[in-house]
Amino acid sequence: MGKGVFIVFEGIDGSGKSSCMESVASALNNANVIKTAEPTDGEIGMLIRSVTNLTAEAEALLFVADRAQHTHRIKKWIADGNIVLCDRYYASTLAYQAASLDGNKVDTEWLRTLNDMVVTEPDITFLFDIDPEISIERVESRGSKSKFECLGYLKEVRGNYLRIAKERRFIVIDASKPKEKVFGDVIGHIQKAVTQG
Ligand code: TMP
């Protein structure tokens, strides 16, 4: 079987990336589509959700450790010829953990070095870019706000994301557009990548 494709969906909470990824999976309607996400539902991912009072560095290390385990599986899925759709990957750590939360933020270069040691570069990364003033309203209407979802913090996260997107040639999607338009843009890029092999 030929080499698969690895596609990542990034963006702040409420950007619509996760529901767009679901729509992409349905539209591709292909037995070789694998949906996955970070933090994972593996042991380290569950630990990230349950543990409290971590330092910012310890938390960052857990996200990267979860990713190291996950990447091992992702590489196998790609080698087996699958289309791997992943909700969040290394850019989440570079964007979120390098922004200041409760006065703490983690050194960007340290985060880059750690991530570079464990990741495999995706074929495509979409950044769902949106003003946090809009995304936060969406999140509040879902009633599921986490510690990562306050406005000032998300503004900094968005700035980090846009910088990384420029450096690493992510495809930036205007996520404030209607979801049909967003989906159309995303699926267009994916179909091109999948048919070009
Ligand atoms: P989720 O809502 O997409 O499941 O992600 C859970 C939260 O974890 C989200 O607010 C972003 C945050 N996060 C990080 O801060 N760093 C990371 O590396 C990842 C993967 C997620």
Side-chain angles (χ1 to χ4, degrees), residues 6-25 35-74 84-108 110-122 125-130 132 134-161 163-165 168 170 173 175:
F6 180 29
I7 302 167
V8 170
F9 295 72
E10 288 281 2
I12 57 176
D13 312 74
S15 62
K17 64 177 171 41
S18 308
S19 65
C20 185
M21 190 180 110
E22 288 298 326
S23 307
V24 166
K35 292 185 287 177
T36 188
E38 293 189 3
T40 68
D41 54 8
E43 280 176 309
I44 304 173
M46 297 318 280
L47 187 64
I48 291 170
R49 292 185 181 87
S50 62
V51 81
T52 51
N53 289 325
L54 288 177
T55 66
E57 283 78 12
E59 185 169 55
L61 286 167
L62 283 185
F63 278 120
V64 178
D66 187 37
R67 184 159 307 125
Q69 294 288 102
H70 195 201
T71 299
H72 192 70
R73 293 160 65 212
I74 290 171
V84 181
L85 306 179
C86 186
D87 188 343
R88 299 193 180 283
Y89 197 50
Y90 70 79
S92 284
T93 304
L94 300 185
Y96 279 80
Q97 273 61 57
S100 42
L101 188 64
D102 306 328
N104 297 307
K105 68 173 170 186
V106 183
D107 180 75
T108 308
W110 186 68
L111 290 173
R112 280 174 192 270
T113 306
L114 286 174
N115 274 287
D116 286 347
M117 285 162 64
V118 305
V119 302
T120 185
E121 193 59 34
T125 299
F126 292 105
L127 172 60
F128 284 61
D129 179 52
I130 192 162
I134 305 173
S135 69
I136 235 164
E137 265 176 40
R138 293 185 184 171
V139 171
E140 275 170 351
S141 71
R142 294 202 297 247
S144 60
K145 215 166 156 203
S146 81
K147 72 168 184 176
F148 293 120
E149 287 155 4
C150 36
L151 191 58
Y153 177 66
L154 286 181
K155 285 189 173 167
E156 208 180 325
V157 174
R158 182 192 192 194
N160 289 343
Y161 260 138
R163 255 191 308 280
I164 303 158
R168 306 251 172 145
F170 293 174
I173 300 289

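Each ligand, and each atom within it, is numbered from 1 in the order the structure gives.
Backbone and side-chain nitrogen or oxygen atoms of Arg88 are examined, and one is located within less than 3.5 angstrom of a nitrogen or oxygen of ligand 1. Backbone and side-chain nitrogen or oxygen atoms of Thr93 are examined, and one is located within less than 3.5 angstrom of a nitrogen or oxygen of ligand 1.
Atom CZ of residue Phe170 and atom CD1 of residue Ile164 lie 6.5 Å apart, to the nearest 0.5 angstrom. For the atom pair Ile12 CD1 and Ile130 CD1, the distance stands at 6.5 Å (nearest 0.5 Å).
Scanning the protein for heavy atoms near atom 6 (C) of ligand 1, the closest one is Pro39 CD, 4.1 Å. Among protein heavy atoms, the minimum distance from atom 7 (C) of ligand 1 is reached at Phe148 CD1, 3.9 Å.
Arg138 meets the side-chain hydrogen bond (donor to acceptor under 3.5 Å, both in side chains) test with no other residue; sequence neighbours excluded. Remark: Arg112 pairs with Glu109, Glu167 by the salt bridge (Lys or Arg N to Asp or Glu O under 4.0 Å) rule, at least two apart or across chains.
Residue contacts with ligand 1: Lys17 is included, with a non-hydrogen atom under 4.0 Å away.
Of the possible polar contacts, none joining the Arg49 side chain to the Ile44 backbone as a donor-acceptor pair under 3.5 Å is found.
Checking Glu59, Glu10, Arg67, Gln97 against atom 20 (C) of ligand 1, the nearest heavy atom belongs to Arg67. Relative to atom 14 (C) of ligand 1, the option among Tyr90, Phe63, Tyr89 with the closest non-hydrogen atom is Phe63.
Within ligand 1, the atoms closer than 4.0 Å to a non-hydrogen atom of Glu38 are 20 (C), numbered from 1 in the order shown. Every atom of ligand 1 with a heavy atom of Asp13 under 4.0 Å away is listed here by number and element: 2 (O), 9 (C), 10 (O).
For the residue pair Arg168/Thr125, the side-chain donor-acceptor check at 3.5 Å is not satisfied.
Two rings, from Tyr89 and Phe6, have their centers less than 6.0 Å apart.
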